[in-house]
Undergrad: 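Before we start, here is the structure in question, set down as structure tokens.
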Amino acid sequence: MKKLLLIGMLLIFATGSSFAEYRLGALFSTTGPASFLGMPEKQTLEMLVEKTNKNGGINGEKIELFMYDTRGVDAEARKKFIRLVKRDNVNAVIGPTRSGSTLAIKDLAEKFQVPLLSCASSDKIINPLNKYVFKVAPSDKHAVRKIYFYLKTKGMENIAILTAQNGFGDSGRDALLSEAEKMGLNIVADEKFRDNDRDMTSQLTKISERNPDAVICWGVGPAPAIVAKNFKQLQIEAELIMSHGVASKKFIELAGDAAEGIILPAGRLLVAEKLPDSSKFKSMLVDYKNEYESTFGESVSTFGGHAYDAFMIIKKALLTAGKDKEKLIKSMEEITDYIGTYGIFNFSKKDHNGLDKDAFILIEIRNGDWELLES
Amino acid sequence: MLQINQVSITFGGLKALENVSFKVPDNSITALIGPNGAGKTTLFNIITGFLKNNTGQIEFENDDITNLPPYKIFEKGIARTFQNLNVIKELSLPENLLLGIIGKDKPSALKSMLRLNSSYWNSVTERINECMVLTGIQEWQNKKVNEMPYGILKNLEMARAILSYPKLLLLDEPAAGLNNNEKEILIELVTKLKNRGITIFMVEHDMNFVSTLADNVVCLNYGRVIAKGTYQEIRNNSEVIKAYLGDTDA
Amino acid sequence: MQFIYSGITSGSIFALVALGFNIIYNTTGIINFAQGEFVMIGGMLIYTLLSIYGIPLFMAVPVALLLALIIGILFDKIFIKLVKVPNEINLITVTIAAATIIRGLAMVIWGRNTLNVSGYIPYSVISFPGGSLTSNSLLVIAVSLLTAFSLSLFFKKSSLGKAFRACYNDKMAASICGVDVGHIRMLAFGIAAFLGVVAGIVTAPITYVTYTDGVMVGLKGFAAAILGGLGNFWGGVAGGLLLGIFEGFFASILPSGYKDAFAFLIILFVLFLRPMGLFGKKKAERL
Amino acid sequence: MKKINYLFLFTILLILVLTKLLIKNEYYLSIVIFGLFNAINASCFNILLGYTGIISLGQGAFYGIGAYCAVITAASYGISPSIAILMASFFSGILAFVVGYPTLRLHGHYLAMATLGFGMIIYVFMNEMAFLTGGPSGFLDINKFTLLGMSIYGESEFYIFVASMFFVFVVMFELFDKSFLAYKLKFIKESEFASKSFGINIFRTKLLTFSLVAAITAFNGGVYAYYAGFISPVSFNFHYSIQLLTMAIVGGVGSVSGGIVGAAILTALPEFMTAIEDYEMVLYGLFLAVTIIFLPEGLSGLFKKIVGKNASN
């Protein structure tokens, strides 16, 4: 009985679609462990869509946004992607937040022939290349290279890594291990932690016994802040380096004094105001930052920047190509010299990311704020 | 039929049973009596394999069954009823009786699922009906279990035990909680069972009940056998009287 | 050696949560899957009182604890008491539902971000042989053990505590002797919530507060209670400390990715050897 | 012997066929497919909890083991997916036997803890054995699913396959429910003491049930993996096991329809709540709480009552 009713309801929902506007889909992980990556992405996109619509939309047509929460669960991302494509008939999809979720829907994007602009970092998203899948977040290896170059110039060779047991930490760990081999650095310790671990002293004690020159921690959420605190508590004499996963003011707030002196690779957005005036990124980043912070009353995060870039790219493509999916792909592949929050995007048929290692800059935390370590 | 040899068990220093020995002869009704805490139910649980005795052995039809798991002891032909009723409220009366059949016959699960042995199940239905008639519960078969009076539930348990065609039937306080009318029916039933060749061994408090039925009586006190014999012999045994009087004093 | 110190710190929290489990188990016979949520609520409450309303600490803590008692009692009134057929499995599932609701509400009220509570005492690192602890961790250990001791005194000495213990032993007998069992159960939830909130308050400066925190801490507390033997007061405390030390130990000798697996493996082995937990008594089965 | 409820089986079949005929939208079809996977898992959980009285919070692990084994063996040894699924199912059954051997001696909350611990251990291994499983980022190289040389791809084809699998499962479940086996298990659930003294080797029965259920769950997991085309450990963690518990309880334990109804409702529910994102968790919890508080026999119990009343009128 109930099942019949259910099907009836499903049918009513199924017939309610219209095709007037540009229909944009988005999948972000706004709950679950990756929520503090997903939330700024969601808010940024909402802000941009609203603004665009207020200013007359694209080619005079309004954008309708369909946005779902993946809860950080890959199966959920898959479900919601099908929903976007088959129920909401979207022209393109931005997201998902997490690498795992993106990989989970990679084949669907091809099957349904819908352009997907992922906000996740794993290299596997664009390699092997899938005609319909783009990535606006820089790859982990770019961040890792940036760190390793820095360590090399400082003459540090023995490195300990401490990575989160999730997709972010895992793909970071892969990059850390493979790039270390290429650049001739020694990984002296390879430890892990879980997102909900609340004490890392055991791992850090083990690390400190190996006397590394630098400890690189790759994780998101509150756990890296606890690593920073425990690191200080154990008085380990090594340089502590974090990933771009902590590039939000929240991290400094949580880690407090323990954050002082930590170095991390991050997008330029964090230090927008501190960029030299000559930087071509400055005005655009400051604008986005101010707009975001005044709209939502919280500090901007570089992850929101991914949504910003993704929206700008899709907007550009829609402006020139319209809704036709093949044309849309082609026009995205032709985008070059787009100045995004993470660097200059140069897409091509073979490169669906368009960023290089200069997407990242190194930042040091000093006096509770981000400072540019080098430009 | 059943022989208890020098059985002892201790619980954390407390001797619950001490060198208990007696026989349950073939085709008889034997009653185990004794004041509360004498170790009657403990002995029952040792016989049925739920407790492991420290020393001594138990023979059933000259087979050593000491410390066998409960289901093996049942397979030898010993069935029992319980002090606390073990019926499933959500199942009907005949369904509850199935337990006696399943354990005994061990029917093939696959055949049953694919319904390949319907003649067997027809015979089961017949056996169940027969047994309900025998125990006088057939008119309750369509009622819900939680609507049944206590006496019927006790008979249900009895019926379930009989269904497995046991050689030895252990009854744990069969008369407890029954009114006189129900007791009489029970006496009739137990006699019928004895006439069918089932040996009966029971724990019972009700002396009238014991005197009417039991061929032999064993009296336990503080874990030891203080007397055994016919009811008449036991009745005049001074130790038994002391044990019971002591019991009533307390 | 460091793993012992950090193990005792996290272990004393597991111990408090395990005590909460035990108290509810003893009065209702169920596992309260929302026990971890009480810990999260504790952190959230103290954050709200201190950081949002700016109430001084010496006032904020009693207010939070009072609220905890109220939350626990409401929990009993709303979820447990209403269940029409209060069998074990229905009650357990209703606590799962309650945990989901509490977590969802916390997300709506306090948002998804991790919140920071600043330390109650000045930060310092205290060195021990082979390791160190922060002043905040010491506070956690001290408060947890103190709470456990005062609770055990309450159960031993006060008449209300005695009524509790009567309920543990035999509900029927207790109610015949004039103990209002429903009342005791309500109080049990109050105390369990109280313990959770104590744990939440003391850990907040070390571990921060996120609305999802309750799940893991609840699970670990459950594991600790089982390890020590469900319903056994000091067993829960010992189970909590042991679990904390196991975790630290495995993280320090094994590839740390596997540490959780080994902590649970140990629990499984303990259960296989002692099916009623380390200090649990085998319940005499009524046959 | 109870009569087989042909009406129930026919209704299920009718719903499955109608779904195929009426739902053309692949999205809704995919939701139904997910629902069917959940329904099988929740029913399996129901066999354990509602019939045998085994509370297993590690069912997600068996689901995951099935999924991973099925895709790993196929990808690395070139075995055909359908054979790989069977192998995964067999392996999972054996594993359940080995795990169940010490575990099923435990009871109640201790058993719940042990199975939960088992689930956590498997979850850690799925994450950490990256060389096999791809780690937390998931397993990507899933072959196309073929059955007897036919390739099955896309929602519509998969629906036919999964729906047939589901129907076979329901028929088997119904046959089981109406066979003496269901009573045997219910006796064990109600009183281990009585069952033991009536000659039932309860440990062996429990162990076989547990293993068989694990094998079915793993089979289901294998098919799921090929349908999803991507798997990662989060899909099989402790939360999924708890979800199965809630599905079984909301639907009603101890009946064939319970797990199915529970899975249908709780799979569909979130789809209607996407608009109220922030309150989704609260509402989901409220729905659960209200069902358990006011409908002790679950939703299927409620339907039965309504149908029963109509019939008696």
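Throughout, a chain's letter reflects where its sequence line sits, starting with A, and its residues are numbered from 1.
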Undergrad: Quick one: are C/Val217 and C/Phe38 in side-chain contact, heavy atoms under 4.5 Å?
TA: no

Undergrad: Of the backbone (N, CA, C, O) and the side chain (C-beta and beyond), which part of D/His107 lies under 4.5 Å from a heavy atom of chain C, both, or neither?
TA: neither

Undergrad: What residue in C/Ile30, C/Thr93, C/Ile102, C/Thr95 has the most heavy-atom pairs under 4.5 Å with chain D?
TA: C/Thr93

Undergrad: Hey, is D/Lys304 close enough to D/Glu297 for a salt bridge, meaning N to O under 4.0 Å?
TA: no

Undergrad: Considering only NZ, NE, NH1 and NH2 on the basic side and carboxylate oxygens on the acidic side, decide whether C/Glu247 and C/Lys259 come within less than 4.0 Å.
TA: no

Undergrad: Test side chain to side chain contact (heavy atoms under 4.5 Å, CB included) on D/Lys184 and D/Ile200 and set out the steps.
TA: CA-CA 8 Å; D/Lys184 185 171 169 183; D/Ile200 295 175; 3.8 Å; yes

Undergrad: For C/Leu105, is it the side chain, the backbone, both, or neither that has a heavy atom closer than 4.5 Å to a heavy atom of chain D?
TA: both

Undergrad: Considering only heavy atoms, which portion of D/Leu286 lies under 4.5 Å from any heavy atom of chain C: side chain, backbone, both, or neither?
TA: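 For D/Leu286, the contact with chain C is made by backbone and side chain together.
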
Undergrad: Using a 6.0 Å distance limit plus a 45 degree cone around the ring axis, check whether D/Arg105 lies over the aromatic ring of D/Phe203.
TA: yes

Undergrad: In terms of heavy-atom proximity below 4.5 Å to chain C, should D/Leu283 be classed as side chain, backbone, both, or neither?
TA: neither

Undergrad: Side chain, backbone, both or neither: which part of C/Ala223 has a heavy atom under 4.5 Å from chain D?
TA: both

Undergrad: Which heavy atom of D/Ala114 sits nearest a heavy atom of D/Thr103, and at what distance?
TA: CB-CG2, 3.6 Å

Undergrad: Give, as side chain, backbone, both or neither, the part of D/Leu295 having an atom under 4.5 angstrom from any heavy atom of chain C.
TA: neither

Undergrad: Indicate yes or no for a side-chain donor-acceptor contact from D/Asn127 to the backbone of D/Gly135 under 3.5 Å, with no hydrogens or angles considered.
TA: no

Undergrad: I need the residue from C/Ile80, C/Asn87, C/Ile78, C/Ile89 with the largest number of non-hydrogen atom pairs under 4.5 Å to chain D.
TA: C/Ile89

Undergrad: Tell me the residues of residues 50-65 of chain D whose non-hydrogen atoms fall below 4.5 Å from those of chain C, in number order.
TA: D/Ile55, D/Leu57

Undergrad: Can you name the nearest heavy-atom pair linking D/Thr267 to D/Met247, along with the distance?
TA: OG1-CE, 4.1 Å

Undergrad: Name the region of D/Ser191, side chain, backbone, both or neither, that has any atom closer than 4.5 Å to a heavy atom of chain C.
TA: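 For D/Ser191, neither part sits under 4.5 Å from chain C.
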
Undergrad: Determine the interplanar angle of the C/Phe262 and C/Phe250 rings, folded into 0 to 90°, and report it as parallel if under 30°, tilted if 30 to 60°, perpendicular if over 60°.
TA: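 Rings of C/Phe262 and C/Phe250: tilted, 30 to 60°.
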
Undergrad: Quick check on D/Phe238 against chain C: is it the side chain, the backbone, both or neither that has a heavy atom closer than 4.5 Å?
TA: side chain

Undergrad: How about C/Phe75 and C/Phe79: are their ring centroids closer than 6.0 Å?
TA: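 C/Phe75 vs C/Phe79: aromatic centres under 6.0 Å.
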
Undergrad: Can you say whether the rings of D/Phe97 and D/Tyr101 are parallel (under 30°), tilted (30 to 60°) or perpendicular (over 60°)?
TA: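 The rings of D/Phe97 and D/Tyr101 sit tilted, inter-plane angle from 30° to 60°.
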
Undergrad: Let's go through D/Ile249 and D/Leu49 carefully: what are the C-alpha distance in whole Å and the side-chain angles of both, what is the deciding distance for side chain to side chain contact (heavy atoms under 4.5 Å, CB included) to 0.1 Å, and is it a yes or a no?
TA: CA-CA 10 Å; D/Ile249 306 282; D/Leu49 181 69; 4.0 Å; yes

Undergrad: Non-hydrogen atoms of chain D under 4.5 Å away: do they reach the side chain of C/Tyr211, the backbone, both or neither?
TA: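 The side chain, not the backbone.
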
Undergrad: Between the side chains of C/Tyr25 and C/Asn232, does any donor sit under 3.5 Å from an acceptor?
TA: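 Distance-only check fails for C/Tyr25 and C/Asn232.
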
Undergrad: Among D/Val290, D/Val282, D/Thr246, single out the residue with the greatest number of heavy-atom pairs under 4.5 Å to chain C.
TA: D/Val282

Undergrad: Identify which part of C/Val94 has an atom lying under 4.5 Å from any heavy atom of chain D, answering side chain, backbone, both or neither.
TA: both

Undergrad: Of the backbone (N, CA, C, O) and the side chain (C-beta and beyond), which part of C/Ile96 lies under 4.5 Å from a heavy atom of chain D, both, or neither?
TA: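 The side chain, not the backbone.
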
Undergrad: Select one option (side chain, backbone, both, neither) describing which atoms of D/Leu116 are under 4.5 Å from chain C's heavy atoms.
TA: side chain

